[in-house]
Amino acid sequence: MRVNLSLLRKFVQLAAFVFLVYGSGVVGFYAADKLSGAFPALACAYDAKTADYCVLIPLQHQMDHRLGTVLAAGGEVVKALMPTLISLGTFLLMFVILNKAFCGWICPLGFFQEVMGLVGQKLGLQRRESLPDGTVDRIRPVKWVLLLLLVFAFPLLTGLGLTDHSLGSPYCSICPSRILTSMATGDTSQLVVDTTNDGYMILSLIATFLFGMMMAVGMTVRQPFCRICPMLALHAVFRKVGLVRLVKNAKPRCEKCGICAQACPMDIREIHTEMQKRDVLYPDCTLCGRCVEFCPDKDVLQMKYAVVPIFRADPAYFKQRKQAQKRWEAGTLLGWWRRRREGRGN
Amino acid sequence: MMKKLWLVALFGSVGVAQAEMLFTENSGGGGHAGHGAGATAAQGGHGGHGAGRGPATMLQDGLGASIQMVTPTLESLPVDAGKDGRTLQIPRTGIDSYHLLLAERRDEKVQEAAMRYIYGRGKPSGRSPSELLAHKATVLELIPAPLPREHWRYESGEKANFIVRFNGEPLADTWVGLSSSNGSSLEATSDHRGRVSFTLPEDFSRVVAGRQSNPPAEFVVRTGTYQNGMLYRTNLSAAYHVNPLNWQSNGVGLFMLGAGFVSGLVMMRRRGEG
């Protein structure tokens, strides 16, 4: 019997959540103590007890306070870009180790959304296993827009003096992980609406509303914020250099099956439809491994570390996993309530 | 009453010593007030957050004092008190981290020290401020526990903790006072680990919305002790800022979270029906 990969992943996610959100006791309190200062998941610098800072915060600050101000003063661009290159280099050193699995296995916000999904499932709320293709296609570009505008463009324009200071780090201003991780340490200072000026007020209104909406939608749709997260887009840019890979050896049966795409929390239907390419690590993939778990054909889908297979599709595992999933989904609060009422009626 | 007498003995007319020496900041400079307690220190804003030099750091009543700066790498550099004997000429280390300014003065009966942590800009040192805080710089020390890190600063209404150390060891059951430039004063006694905690006073008379719109005030933490016939007294000064909750609302934030949650449920219900 093989280990249940989803269960193993939940344990890893829980451990990563505890470490990243409360880990300052282990690594230290100050910036110099943190793991990298450019972490490839949404560990948040606004969390007083964090073990590391997500790469998106230095990138925004460097656009605003370094590149933008140097460009505005007519300074040397290459020198001004050095901190950004160092941050991206640090990010890459870590990213190579786990690739996009930083999203599916490590990110605190990703884990929180999965927990909301579990809550929704146990409450018996409607679970939409897959969004319609058209909706998925419309959502996909949003992460790129957020990366370009909120992480690079607006901070740069602010550094150039063309936009208000409130747009100096606009992604952090709306990031749900900032609210989640600080609240998880008992700090409510990030769950606020800020009336400093129109810019801060609009961003803080968006942030708090978005966090509430993400919680509700997360109970019925899998990983709602991950789909538009700029970190997912940044990962997508560098995914070819990561050591963890997702590989497909397509067989004719694949065309009629499609369980892998149904299992995918990011609704990547191309995992099912791709019949030529071996590399099926798509931009939206978080390397959670569910597609491999739910592939019924031997070795068709595989997770590899460089060239070494670490988890392969297997018919026996598939049967066992499917049964376990069925048992898990059978018990819901709403179902129990209905059965109880029916029992009384009889 | 006893505490008041003790305070007078320590910081008032001891006779043998001059008026209390104290590091202060002339906040008329141009640093970025938005990040970090020491961000507006002499070297101007913390890493990447400020353009140009910050406000000047002064030493009041420092006649006869020796002044030094302890760097993040624990080197001690001499600091010149400038032509006016007050405006410090702080050496640039090029290291991005906290530095300790220390002024010491002693005579036969009194040894006094003034401390202030300032943030220097430059390349990351890779050295934690914990090392600077653990380093014994003078006999009687007041150590922030912790110093505010980036995106953080001392704010009114928030807790600020300090450790009293004598010869590098925690000093228990010792009087510690805090006074602010806005006129507040607080007192406490160090516990068995030498720790004291103050809630910084909400004493800004004029508050406008926005972090950068409110100039900081100064607080001074003081302590003193008699040991072997010698009076030791030390102060630690720092800037503190208006609490942003004056223009930020948790209530409205919670309301918006609720509104987002309900909207999300309604949206998903409609999609489900569709």
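The structure displayed is predicted, hence computed values, not measured ones. Numbered from 1 within each chain, the chains take letters A, B, ... in sequence-line order.
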Region of S189(A) in contact with chain B, defined by heavy-atom distances below 4.5 Å: backbone

Among the listed options V266(B), V252(B), L147(B), the residue most often paired with chain A at heavy-atom distances under 4.5 Å: L147(B)

Interface moiety of L245(B) toward chain A, non-hydrogen atoms closer than 4.5 Å: side chain

Chain A contacts, top residue of S130(B), P72(B), P244(B) (heavy-atom pairs, under 4.5 Å): S130(B)

R211(B) and D194(A) ion-paired at < 4.0 Å: no

Interchain contact, T188(A) with chain B, by part (heavy-atom threshold 4.5 Å): both

Carboxylate-amine/guanidinium contact R222(A) D267(A), below 4.0 Å: yes

Contact leader toward chain A among S249(B), G264(B), G210(B), A209(B), where contacts are heavy-atom pairs under 4.5 Å: S249(B)

Carboxylate-amine/guanidinium proximity below 4.0 Å for R193(B) and E169(B): no

Check against side chain to side chain contact (heavy atoms under 4.5 Å, CB included), F211(A) and M256(B): CA-CA 9 Å; F211(A) 187 78; M256(B) 287 305 295; over 6 Å; no

Minimum heavy-atom distance G110(A)-C226(A), with the two atoms named: CA-SG, 4.1 Å

Aromatic plane relationship, F219(B) with Y240(B) - under 30° parallel, 30 to 60° tilted, over 60° perpendicular: tilted

No-hydrogen, no-angle side-chain donor-acceptor test under 3.5 Å, D203(B) and S180(B): yes

Residue P146(B) versus chain A: region with a heavy atom under 4.5 Å: both

Side chain / backbone / both / neither for A48(A) at chain B, heavy atoms under 4.5 Å: both

Evaluation steps, salt bridge (Lys or Arg N to Asp or Glu O under 4.0 Å), between R153(B) and E158(B): CA-CA 10 Å; R153(B) 51 192 190 173; E158(B) 296 292 329; over 6 Å; no

Leading residue by heavy atom contact count with chain A [cutoff under 4.5 Å; candidates G126(B), G258(B), G251(B), S263(B)]: S263(B)

Top contributor to chain A contacts, counting heavy-atom pairs under 4.5 Å, from L254(B), L265(B), N250(B): N250(B)

Pairs of heavy atoms under 4.5 Å with chain B: top-ranked of D33(A), I179(A), V192(A): V192(A)

